[in-house]
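To start, the structure itself, in structure tokens.
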Number of protein chains: 2
Amino acid sequence: MEEAAILLKQKGLKVTPQRLAILNLLRNTKEHPTAETIYKKLASDFPTMSLATVYKTLEVLKNIGLIQELNVGEGSFRYDANTNSHPHLVCLGCGKVEDLDESVLQNLIEEVKKHTDYKLVEQKLYFYGYCPACQRKLSN
Amino acid sequence: MEEAAILLKQKGLKVTPQRLAILNLLRNTKEHPTAETIYKKLASDFPTMSLATVYKTLEVLKNIGLIQELNVGEGSFRYDANTNSHPHLVCLGCGKVEDLDESVLQNLIEEVKKHTDYKLVEQKLYFYGYCPACQRKLSN
DNA sequence: GTGTTTGCAAACCTTTTGCACGCAG
DNA sequence: CTGCGTGCAAAAGGTTTGCAAACAC
């Protein structure tokens, strides 16, 4: 049985083709797609699947901690199978969303802890700028 | 003439009571209100003002850089007259949103710059946790 | 006076919900 | 078989838009 199916079963969820497809799609991409994007990408394999099912599935996967929801500030959510609340780097030129690593995150958290008496639980960190390729385009 | 009016005039905008009220409200609070909250707070002074006007005004103020829009991840935007893209601290207990200072921000940005070749322009940083008061409530 | 802004209602877009049918276990 | 999951359509919630009337300048 494939890994995604095992993960679902472990959490006591029924393993349906739609759930497998959505989870696998997220686990195999670095693109942080929206619900709409996921829906369209799977439309060819699951022509009858509704957008509501995508949303319901994302909700379930989020609740059991297999994926996380990102809010880059676009009016719709993006989803990520990397559930660390790691920092994201958003390119203002081409719109792509990349990850920054965990080690950077730890340093950022340390810095904030020094300056607050909040008990920190998680964080959503988005840095916006231009990726190397877009920087080159701009300088032309 | 009051400061808010001067700011509007400088940007070539008509100075209307609604605009003044919204801008002043934002400049005199640390609460990061939503459009809805602003609307309700001003309802007693401006009973005929519509929510659409609040939104249109916020859009205008945002475009000329007098306020910024925050997305804490609640499904609605919050607004802030502090236009530095400073980090925010969100209390998971009581929902309040506080600011972290500029000096912390500079350290955070330095750390990220060390690890990326993006040209950074701005950032949206939200740290979630429990404020001291909510920590006390939880431990009871 | 003229063009911008307001206020209302309707439209919009993403996300959520209710419910009958269908499939996984 | 039993109940959870799906698909459809309708609803919801926040935000945006179109347009006529009102107002700033």
Side-chain angles (χ1 to χ4, degrees), chain A residues 1-2 4-23 25 32-64 66-79, chain B residues 1-2 4-23 32-64 66-79 95:
Chain A
M1 179 159 51
E2 80 176 284
I6 298 171
L7 290 168
L8 289 172
K9 194 157 281 184
Q10 281 175 348
K11 299 287 184 172
L13 291 174
K14 289 195 174 168
V15 178
T16 67
Q18 293 89 333
R19 286 177 174 173
L20 283 177
I22 292 171
L23 183 51
L25 184 151
H32 311 83
T34 63
E36 184 76 31
T37 308
I38 294 169
Y39 175 64
K40 284 180 184 159
K41 286 201 177 177
L42 295 178
S44 50
D45 293 336
F46 299 87
T48 70
M49 182 171 62
S50 74
L51 190 51
T53 297
V54 175
Y55 277 108
K56 285 172 185 169
T57 301
L58 291 170
E59 173 72 16
V60 167
L61 295 176
K62 182 179 62 175
N63 288 341
I64 62 177
L66 289 181
I67 64 171
Q68 71 169 311
E69 196 173 62
L70 307 181
N71 196 332
V72 179
E74 298 167 314
S76 54
F77 292 113
R78 288 168 176 261
Y79 295 87
Chain B
M1 179 159 51
E2 80 176 285
I6 297 172
L7 289 170
L8 289 173
K9 193 157 280 188
Q10 281 175 348
K11 300 287 185 173
L13 289 174
K14 289 197 173 168
V15 178
T16 67
Q18 293 89 333
R19 285 177 176 173
L20 282 178
I22 292 171
L23 183 50
H32 311 84
T34 62
E36 185 76 31
T37 308
I38 294 169
Y39 174 63
K40 284 180 184 158
K41 288 202 175 177
L42 296 178
S44 50
D45 294 335
F46 298 87
T48 69
M49 183 171 62
S50 74
L51 189 50
T53 298
V54 176
Y55 277 109
K56 284 173 185 168
T57 301
L58 291 171
E59 172 73 16
V60 168
L61 295 177
K62 182 178 62 174
N63 288 341
I64 62 178
L66 288 181
I67 65 171
Q68 70 170 310
E69 196 173 61
L70 307 181
N71 196 332
V72 179
E74 298 168 314
S76 55
F77 292 112
R78 287 169 175 261
Y79 295 87

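A note on names: the letters A, B, ... follow the listed sequences, proteins ahead of strands, and every chain is numbered from 1. All values derive from a computational prediction rather than experimental measurement.
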Measure from the side chain of [X], starting at C-beta and using heavy atoms only, and say which of [options] lies closest.
| X | options | answer |
| --- | --- | --- |
| A/S50 | D/dC8, D/dT15, C/dG25 | D/dC8 |
| A/A52 | D/dC8, C/dT6, D/dC25 | D/dC8 |
| A/K14 | D/dC4, D/dT16, C/dT6 | D/dC4 |
| B/P17 | D/dT6, D/dA24, C/dT17 | D/dA24 |
| A/L13 | D/dT15, C/dT17, D/dG5 | D/dG5 |

- Query: OG1/B/T53 to CD1/B/I22 distance, rounded to the nearest 0.5 angstrom?
  - Reply: 7.5 Å
- When rounded to the nearest 0.5 angstrom, what is the spacing between CG in A/L61 and CD1 in A/I67? 4.5 Å
Measure from [atom1] on [X] to [atom2] on [N] and round the result to the nearest Å.
| X | N | atom1 | atom2 | value |
| --- | --- | --- | --- | --- |
| A/L58 | D/dG7 | CG | P | 14 Å |
| B/Y55 | C/dA11 | OH | P | 19 Å |
| B/N71 | D/dG13 | CG | P | 19 Å |
| A/L51 | C/dT14 | CG | P | 9 Å |
| A/N63 | C/dT16 | CG | P | 10 Å |
| B/I38 | D/dT15 | CD1 | P | 10 Å |
| B/M49 | D/dA22 | CE | C1' | 16 Å |
| A/L61 | D/dG5 | CG | P | 11 Å |

- Task: For the residue pair A/R19 and A/V60, establish whether any side-chain heavy-atom pair is separated by less than 4.5 Å.
- Result: yes
- C/dG7 phosphate, OP1 or OP2: any side-chain N/O from B/Q18 under 4.0 angstrom?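 Indeed, a polar side-chain atom of B/Q18 lies that close.
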- Task: Check whether any side-chain N or O of B/T53 sits under 4.0 Å from OP1 or OP2 of C/dG7, and answer yes or no.
- Result: yes
- Counting only distance, no hydrogens or angles, is the base of C/dG18 paired donor-acceptor with the side chain of A/K56 under 3.5 Å? yes
- Query: Taking for each residue the nucleotide of DNA chain D with the nearest heavy atom, is it B/T16 or A/V60 whose nucleotide lies nearer the 5' end?
  - Reply: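 Here A/V60 is the residue nearer the 5' end.
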- Is it true that A/K56 and A/E59 make a salt bridge, defined as a side-chain N closer than 4.0 Å to a carboxylate O? no
- Message: Between B/E69 and B/Y79, is there a side-chain donor-acceptor contact under 3.5 Å, judged purely by atom types and distance?
- Response: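 The answer is yes; a qualifying pair exists.
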- Message: Both B/G12 and A/R78 contact DNA chain C. Taking the nearest nucleotide for each, which residue is further toward the 5' end?
- Response: B/G12
